[in-house]
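Working notes, structure below.
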There are 2 protein chains.
Amino acid sequence: MKELKEKILKDGKMIGEDILKVDSFLNHQIDVDLLNEMGREFAERFRDRQVEKILTIEASGIAVAVIAAQYFNVPVVFAKKAASNLSDNTYCEEVFSYTKNRTSTICVDKKYIAPGESILIIDDFLANGNAVLGLAGIVRQAGGELAGIGIVIEKGFQPGRKKIMDELGIVPESLAVISSISAEGPVFAGLEYNKNI
Amino acid sequence: MKELKEKILKDGKMIGEDILKVDSFLNHQIDVDLLNEMGREFAERFRDRQVEKILTIEASGIAVAVIAAQYFNVPVVFAKKAASNLSDNTYCEEVFSYTKNRTSTICVDKKYIAPGESILIIDDFLANGNAVLGLAGIVRQAGGELAGIGIVIEKGFQPGRKKIMDELGIVPESLAVISSISAEGPVFAGLEYNKNI
């Protein structure tokens with residue numbers, strides 16, 4: 001998605017060789033107009049899928065998920081980070097974060113994913129794929145159908161895409177795929193990953 | 001706001017005498033159509049204020065803030081919960097949560113509130129007022145102007161409103177004010193608090 005890549009090049013900040021900070025428009029301050037462009041783009045990319053609900057994860061997935069949900073006319077559910085899986089009323093999965101170097105438990109109340117419901121997962125970043133695999137595990141526990149996986153920014157040089165394709169058999173749709181990070185900044189992947197360069 | 005009160009009466013769950021769960025449409029699963037009604041209502045209530053940015057707090061404030069921001073055409077900043085105030089680049093405040101019985105530190109990067117900027121605080125709940133006072137403290141540290149305080153659900157039987165009026169001299173605008181909770185469920189406050197019963 002052209003507007004997003006331009007924004008990343010203009011306002012993204014590199015920290016070291018593999019951390020891209022997009023605090024100024026996605027993860028801390030939020031550019032709501034840009035999120036609307038993203039929402040329209042997700043709706044276009046998933047237009048042939050049945051989507052009954054969007055599932056994301058707190059906190060930074062919530063903004064893009066709720067804006068996108070307006071273009072699908074569906075509710076959003078966000079998985080909550082819990083200290084541990086304490087309740088019989090929730091579906092939970094363990095998710096290891098390389099960025100934070102710790103495992104957290106994410107949970108969704110059983111009431112909010114019904115068996116057979118078509119669930120679109122949306123998240124802000126795809127790197128190692130653990131958050132998406134955790135969300136997909138919750139959908140599987142609930143007996144839901146995975147309608148697709150929509151990602152705002154994918155780090156294509158990390159193994160998330162391959163793990164998702166291997167384990168779920170689903171090709172993630174990423175609005176911007178960074179193939180590598182050079183001294184000058186992020187380099188975007190070609191057409192093999194992304195419809196709109 | 002009539003639609004919100006009807007939704008609370010229909011789908012809110014009481015736990016004990018003073019906890020209202022609105023997990024099914026606001027805090028875990030999100031009814032995006034209802035959030036749009038809320039966004040329009042906030043825009044109407046604050047139509048005579050200059051608003052340059054909306055400030056909220058992760059995680060459950062984010063959804064309503066970003067949807068509302070569409071009606072103000074402004075960006076959103078959400079305060080992050082931090083283990084402690086580690087950075088010189090952030091404004092932080094301590095916030096005690098009665099629900100969780102613990103103090104957390106909330107922080108905003110100094111880049112995202114400019115001196116003189118008009119900030120509208122939006123949050124999902126007002127009870128004891130500590131989250132709003134923490135957000136207002138961050139605005140004050142940044143030298144910003146507080147344009148107003150918009151709340152989705154206020155527990156009118158708790159001291160948040162009085163504390164905010166005493167400490168900030170600002171009257172919060174709450175879309176639904178619960179004056180008391182009876183065995184049958186929540187009871188809504190009268191016109192003294194709320195324009196649209």
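Residue numbers start from 1 in every chain, and the chains themselves are labelled A, B, ... in the order their sequence lines are given, proteins ahead of strands.
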Is it true that the side chains of B:Q50 and B:E145 contain a donor and an acceptor less than 3.5 Å apart? no

Region of A:K81 in contact with chain B, defined by heavy-atom distances below 4.5 Å: neither

If the threshold is 4.0 Å, N to carboxylate O, is there a salt bridge linking A:E58 and A:K80? no

Heavy-atom distances under 4.5 Å only: say whether A:V74 touches chain B with side chain, backbone, both or neither. backbone

Side chains of A:K110 and A:Q141: is there a donor and an acceptor less than 3.5 Å apart? no

Under a 3.5 Å cutoff, is there a donor and acceptor pairing between the side chains of A:T105 and A:E94? yes

Which distance, rounded to the nearest 0.5 Å, do you find between the CG of A:D166 and the CZ of A:R161? 12.0 Å

Heavy-atom pairs under 4.5 Å with chain B: which of A:D31, A:V66, A:L34 has the most? A:V66

Top contributor to chain A interface from B:A79, B:A63, B:A69, B:A65 [non-hydrogen pairs under 4.5 Å]: B:A63

Using a cut-off of under 4.5 Å on heavy-atom pairs, state which of B:L35, B:I30, B:V77 scores highest against chain A. B:I30

At a 4.5 Å cut-off on heavy atoms, which part of B:D23 comes close to chain A: side chain, backbone, both, or neither? both

